[in-house]
**Student:** 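Structure in structure tokens, see below.
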Amino acid sequence: MNFIEELKWRGALNQVTDEAGLLEAMADGKMGAYVGTDPTADSLHLGHLIPFMVLKRFQNAGGKAVIIIGGATGAIGDPRPTTERKLLTQEQLAENEKGITAQVTRLFGDNDTRIVNNNDWLGKLTLTDFLRDYGKLFSINVMLKKDVVASRLETGISFTEFTYQVLQGIDFHELWRREDVKLQIGGSDQWGNITSGIDLIHSLEGNAAKAFGLTIPLMTDSTGKKFGKSEGNAIWLDPEKTSPYTFYQFWLNQNDADVVKYLKYFTFLTIEEIDTLAKEIDINPGAREAQRRLAQEVTKFVHGQAAVDAAEQLSKSLFSGDVATLSSAQIADAFGGVPSFDITAESKNIIDFLVDGGVEQSKRQAREDVNNGAITINGEKITDVATEIAPTTHYDGKFVLVRRGKKKYFLGKVQ
RNA sequence: GGGAGUGUAGCGAAGUCUGGCUAAACGCGACGGACUGUAACUCCGUUCCUUCGGGUUCGUAGGUUCGAAUCCUACCGCUCCCA
């Protein structure tokens, strides 16, 4: 199975500009492919992992992986179909670049990976050079037809965001020139920007220049919802923002209908291995072997094997064990990945305790959950709203372990 | 610049003409519970705050009224059409 066939099998291919040409170029010798990401936040989330998975497969297939951290493009703002973006401050950008660069480095390792910041070349370009060297090669007529731009003509788009596709085109050309990058990979919404870059390369280097684009289908779950959120929150790759335990649980809880799709897409397991897991679902869905394997593989890829072990350990104590008998050392060890809040050693009414700790939004909500038997403190179900919570009764007076609902845990730390 | 709309709880959307029965229908989402496989489906409950007496809400600020999401005035935001 060649690179393209594999992507097709994995459900990772939406469009390619020239399938045969790309395979030929890949066979021809070492070439690079790139994925660009703008530093819009201080961490990547699961949505970002989608193009990176394909880039990683490209790398595994013998190619060179190049990643652009868009310091310059991030300062401009990539147009969304709906409204104008708010500009980020230079401080935010610098902060975000730092976080994202570290994560990408972890995912790709150092071998045969180049991580570059487009501010290195776009930042040096003067306005007149930009207009003479590049602007002349872009037709407004073509630019207006790009999907994102077209959808914004009604509501309005600033000149700044309108220019974004030109910058992305320059990026592609720059990498083509200095890193031997011939392929750009992106989400299906990136098609317009990618083709802009290919056109630019052809204008500057002649039509024989080899440059390709490849897009990935929009990832959705079996109910048609956009993939990658849990309870309305993004799943981040930064362990500080989304604990490895939560990350692991996100994958473990996937629906039977989605799990094979995700195994194909988000793991490096072989066809045979995935087929075997798919059969397992039919034979014994309750065992959830496929989900477990998925959670292990993806967590390992993003956070490492130690994080997988810790997440499984924690899952075990949370879902089967009697947490009341754990020692304070075990609590500190096992619940490090759970949301925590600071408390004082004084005993406190359960309602105030929950609201002050951020477990509940309001006292009304807190009372409702206590009355419904949704709150468990240190392994003991609390149903009386007048209960006093004394941090000194368990775990050497160091912790109070709160469970809300069936699976949500919070840890109060005595200061 | 001229004209026509529109702004309601996390989101969508009724209610406005015909003021009180409206803390505000309904849908989605979210949160709990039952069931289950830490699943899906389904079912039940909750969804502004509260010291459970009440308090504060319908873009903002005033006004009319015993009483305003509903009527009046000004302002602000958004959309469309014309120039």
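Chain A is the first sequence line, chain B the second, and so forth, proteins listed ahead of strands; every chain is numbered from 1. Everything numeric in this text was worked out from a predicted model, so none of it was measured.
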**Student:** Less than 6.0 angstrom from the centroid, inside 45 degrees of the normal: does A/Lys182 satisfy that with respect to the ring of A/Trp176?
**Tutor:** no
**Student:** Name the one of A/His48, A/Gln103, A/Lys241 that satisfies side-chain hydrogen bond (donor to acceptor under 3.5 Å, both in side chains) with A/Ser43?
**Tutor:** A/Gln103
**Student:** Quick check: on RNA chain B, is the nucleotide nearest A/Ala287 upstream (toward 5') of the one nearest A/Glu368, or the reverse? Name the residue that is more 5'.
**Tutor:** A/Ala287
**Student:** Does the side chain of A/Lys408 get closer than 4.0 angstrom to OP1 or OP2 of B/G32 through an N or O atom?
**Tutor:** yes
**Student:** Could you measure between the two P atoms, the one in B/U6 and the one in B/A83, and give it in whole Å?
**Tutor:** 24 Å
**Student:** For A/Glu5, I'd like to know if atom CD has over 12 heavy atoms of other residues, nucleotides or ligands within 6.0 Å.
**Tutor:** yes
**Student:** With both distances under 3.5 angstrom, what nucleotide forms a Watson-Crick or G-U wobble pair with B/A23?
**Tutor:** none
**Student:** Report which part of the nucleic acid A/Lys363 touches: base, sugar-phosphate, or nothing (heavy-atom distance under 4.0 Å, all strands).
**Tutor:** sugar-phosphate
**Student:** Taking atom C1' in both B/U65 and B/C72, what distance in whole Å separates the two?
**Tutor:** 12 Å
**Student:** If only side-chain N and O atoms of A/Arg404 are considered, is one of them under 4.0 Å from the OP1 or OP2 phosphate oxygen of B/G32?
**Tutor:** yes
**Student:** Under a plain distance cut-off of 3.5 Å, with no hydrogens placed, do A/Trp191 and A/Asn14 share a side-chain donor-acceptor pair?
**Tutor:** no
**Student:** Mind checking A/Gln249 for me? I need base, sugar-phosphate or nothing, with any heavy atom below 4.0 Å counting as a touch.
**Tutor:** base
**Student:** Give the rounded distance in Å between these two atoms: CZ of A/Arg292 and P of B/U38.
**Tutor:** 9 Å
**Student:** Please determine if A/Lys413 forms a cation-pi arrangement with A/Phe399, meaning its NZ or CZ atom is less than 6.0 Å from the six-membered ring centre and no more than 45° off the ring axis.
**Tutor:** no
**Student:** In this structure, which one of A/Leu175, A/Val181, A/Asn117 forms a side-chain contact (heavy atoms from CB on, under 4.5 Å) with A/Ile68?
**Tutor:** A/Leu175
**Student:** Go ahead and name the base partner of B/U79; Watson-Crick or wobble counts if both distances stay under 3.5 Å, otherwise write none.
**Tutor:** B/A4
**Student:** Atom CH2 of A/Trp251 and atom P of B/G37: how far apart are they, to the nearest Å?
**Tutor:** 25 Å
**Student:** Of A/Gln361 and A/Arg403, whose closest RNA chain B nucleotide lies nearer the 5' terminus?
**Tutor:** A/Arg403
**Student:** Between B/G5 and B/G67, how far is it from one C1' atom to the other, in whole Å?
**Tutor:** 30 Å
**Student:** How far, in whole Å, is B/A25 from B/U46 if one measures between their P atoms?
**Tutor:** 13 Å
**Student:** Considering only the C1' atoms, how many Å lie between B/G53 and B/A69, rounded to the nearest integer?
**Tutor:** 26 Å
**Student:** When you check the glycosidic angle of B/G77, does it come out syn, meaning within 90° of 0, or anti?
**Tutor:** anti
**Student:** Students often get this wrong, so: under 4.0 angstrom with heavy atoms, is A/Asn253 touching a base, only sugar-phosphate, or nothing?
**Tutor:** base
**Student:** So what does A/Asp369 touch, heavy atoms closer than 4.0 Å: a base, only the sugar-phosphate, or nothing?
**Tutor:** sugar-phosphate
**Student:** Under 3.5 Å, is there an N or O donor on one side and an acceptor on the other linking the side chain of A/Asn284 and the base of B/G37?
**Tutor:** no
**Student:** Would you kindly give the NZ-to-P distance between A/Lys406 and B/U36, to the nearest whole Å?
**Tutor:** 10 Å
**Student:** Between A/Tyr248 (OH) and B/A39 (C1'), how many Å, whole number?
**Tutor:** 15 Å
**Student:** At less than 4.0 Å, is any side-chain N or O atom of A/Arg288 found next to OP1 or OP2 of B/U36? Yes or no.
**Tutor:** no
**Student:** For the pair made of CD in A/Gln365 and P in B/C52, what is the distance, rounded to whole Å?
**Tutor:** 19 Å
**Student:** For B/U70 and B/C21, measure between their P atoms and round to the nearest Å.
**Tutor:** 14 Å
**Student:** Does B/A74 have a Watson-Crick or wobble partner in any strand here, with both distances under 3.5 angstrom, and which is it?
**Tutor:** B/U60
**Student:** Roughly how many Å is it from CG in A/Asn372 to C1' in B/C43, rounded to a whole number?
**Tutor:** 15 Å
**Student:** Between B/U64 and B/C81, how far is it from one P atom to the other, in whole Å?
**Tutor:** 40 Å
**Student:** Starting at CZ of A/Phe250 and ending at C1' of B/A39, how long is that distance when rounded to a whole Å?
**Tutor:** 14 Å
**Student:** Answer yes or no: does a side-chain N or O of A/Ser315 lie under 4.0 Å from OP1 or OP2 of B/U38?
**Tutor:** no
**Student:** Does a donor on one side chain sit under 3.5 Å from an acceptor on the other, for A/Asn253 and A/Tyr248?
**Tutor:** no
**Student:** Quote, to the nearest angstrom, the C1' distance that separates B/C43 from B/A68.
**Tutor:** 41 Å
**Student:** Within the structure shown, what part of the strands sits under 4.0 Å from A/Arg367 by heavy-atom distance: base, sugar-phosphate, or nothing?
**Tutor:** base
**Student:** Tell which nucleotide pairs with B/C31, taking only Watson-Crick or G-U wobble pairs whose two distances are both under 3.5 angstrom.
**Tutor:** B/G45
**Student:** What integer distance in Å separates A/Asp256:CG from B/U36:P?
**Tutor:** 17 Å
**Student:** Do A/Ser196 and A/Gln168 pair up side chain to side chain, a donor and an acceptor below 3.5 Å, judged on atom types alone?
**Tutor:** no
**Student:** Can you see if the side chain of A/Lys407 gets near the phosphate of B/A39 - specifically, an N or O under 4.0 Å from OP1 or OP2?
**Tutor:** yes
